[in-house]
Number of protein chains: 2
Amino acid sequence: MTVIFSKKCELALQAVLYLSVNKDKNFFSASGISEQIKMPKEFIAKILQSLVSHGIVVSKKGKTGGFNINKPLNEIRLIDIVAAVDGLEIFHKCVLGFEGCNVEQPCPLHNKWGKLRDMTYNMLSEETLLDILDKTEEKIKSINPANI
Amino acid sequence: MTVIFSKKCELALQAVLYLSVNKDKNFFSASGISEQIKMPKEFIAKILQSLVSHGIVVSKKGKTGGFNINKPLNEIRLIDIVAAVDGLEIFHKCVLGFEGCNVEQPCPLHNKWGKLRDMTYNMLSEETLLDILDKTEEKIKSINPANI
DNA sequence: TAAAAATCAGATATTTATGTCTGATAAAAC
DNA sequence: GTTTTATCAGACATAAATATCTGATTTTTA
């Protein structure tokens, strides 16, 4: 099986999207979020905790605690979330798994995949949560239970 | 962790590339191939067996047996190998994992990722083993032990 | 015909990714 | 201050991907 984002990363993006849409409101608990997104709250909690350690999300303990976005939405790029959860290996490693692959000794797919990979990286670097949110609020209201 | 091809698929592509370069010669045993590519022969054997069942590779039992490419090199596209090993899910599924994502109700990344994903699919569909081989023989001689 | 060397099918083992649990700590409500 | 309800850290469990093994079959060579 091939994936572009891991399950963890998909979830992280979904959860962060959810928090973005509701940024003005109070903190959201892991169980609250898990009711919206169809994923186990323990898993969501773990993922959000790691985003806290990366400074993308902020958390608050105690009775009215939970998670929320830590910065202005236009300062968080999608690539930041991907980097925090999955790492950026995919953008450096040879797509065919050849150790010695580099510019001087490119593998057969080096140039063609390299171009697409760079475009993907750029896209994820250009898009911030704010950009996403704009698109989201316009027309993506019934795609999922959370109405993200 | 993110990947574009699974380990299995990387290996399959490497092995098939190796066979392509040496297509004129006789059948290559799994252990012979595993000496060139740095992967365990049992695993290579398993992968090649599945390519046999997909008609991409042909095998021969017995003392002088082994594996070889089953068709003219210009009739095998990279996407055929990817499809056989990893499947084509990645080219259909929502990149954010939203169930209801589609053209009418696109997720926030639907269009941008969709474009890149289609370009990747097209690239893999256009490139045949023959195309790859040409590039390979020109300039990729010391990238790996197999000199693929 | 017997021995050697290969694929093949399916079971098994190992590793990694995904998912769950437990007890500790912190903050708010009473 | 006690109870409630949240995060947090780290251990634990399960599932999936990766890797290995075993015995059967096939084919060549001697």
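So you know, we letter chains A, B, ... as the sequences are listed, proteins then strands, and number each from 1.
Contacts of B:F27 with the nucleic acid, taken as non-hydrogen atoms under 4.0 Å apart, are absent. Counting non-hydrogen atoms under 4.0 angstrom, B:K46 reaches a base of the nucleic acid. Within the nucleic acid shown, A:A30 comes within 4.0 Å of sugar-phosphate atoms alone, with no base atom in reach, counting heavy atoms only.
Atom CZ of A:F67 is separated from atom P of D:dA6 by 11 Å (rounded to the nearest Å). Atom CG in B:L51 sits about 11 Å away from atom P in C:dC8, given to the nearest Å. Between the NZ atom of B:K41 and the P atom of C:dC8 there is a distance of 15 Å, given to the nearest Å. D:dT20 atom C1' lies 14 Å from atom CD1 of B:I44, rounded to whole Å. Following rounding to the nearest Å, A:N26 (CG) and D:dT5 (P) show an atom-to-atom distance of 17 Å. Between the P atom of C:dA6 and the CD1 atom of B:I33 lies a distance of 12 Å, rounded to the nearest Å. Look at CZ on B:F5: it is 18 Å from C1' on D:dA17, rounded to the nearest Å. Whole-Å rounding puts the B:D86 CG to D:dT18 P distance at 8 Å.
Take the nearest nucleotide of DNA chain D for B:K8 and for A:L48: the residue whose nucleotide is more 5' is A:L48. Checking B:A45 against A:E42, the closest nucleotide of DNA chain C that is more toward the 5' end is the one next to B:A45. Remark on DNA chain C: of its neighbouring residues B:G62 and A:M39, the 5'-side contact belongs to B:G62, judged by nearest-heavy-atom nucleotide.
There is a side-chain donor-acceptor pair under 3.5 Å between B:D131 and B:T128.
Considering only side-chain atoms of A:K63, the nucleotide from C:dA9, C:dA27, D:dA19 that sits closest is C:dA27. In the set D:dT20, D:dT28, D:dT27, D:dT28 carries the atom at the smallest distance from any side-chain atom of B:T64. Counting only heavy atoms from C-beta on, A:K61 has its side chain closest to D:dT7 among D:dT7, D:dA9, C:dT7. Listed nucleotides D:dG10, C:dG19, C:dT7 differ in distance to A:F43; the shortest reach to its side chain belongs to C:dG19. The side chain of B:Q49 lies closest to C:dA9, out of C:dA9, C:dT18, C:dG19.
Using a distance-only test at 3.5 Å, with no hydrogens or angles considered, no donor-acceptor pair links the side chain of B:N68 to the main chain of B:F28. B:N70 places no side-chain N or O within 3.5 Å of a backbone atom of B:V58 that could act as its donor or acceptor partner.
Around CE of A:M123, the count of heavy atoms belonging to other residues, nucleotides or ligands within 6.0 Å exceeds 12. Around atom NZ of A:K23, more than 12 heavy atoms belonging to other residues, nucleotides or ligands sit under 6.0 Å away.
A close approach under 4.0 Å does occur between a side-chain nitrogen or oxygen of B:S59 and OP1 or OP2 of C:dC8.
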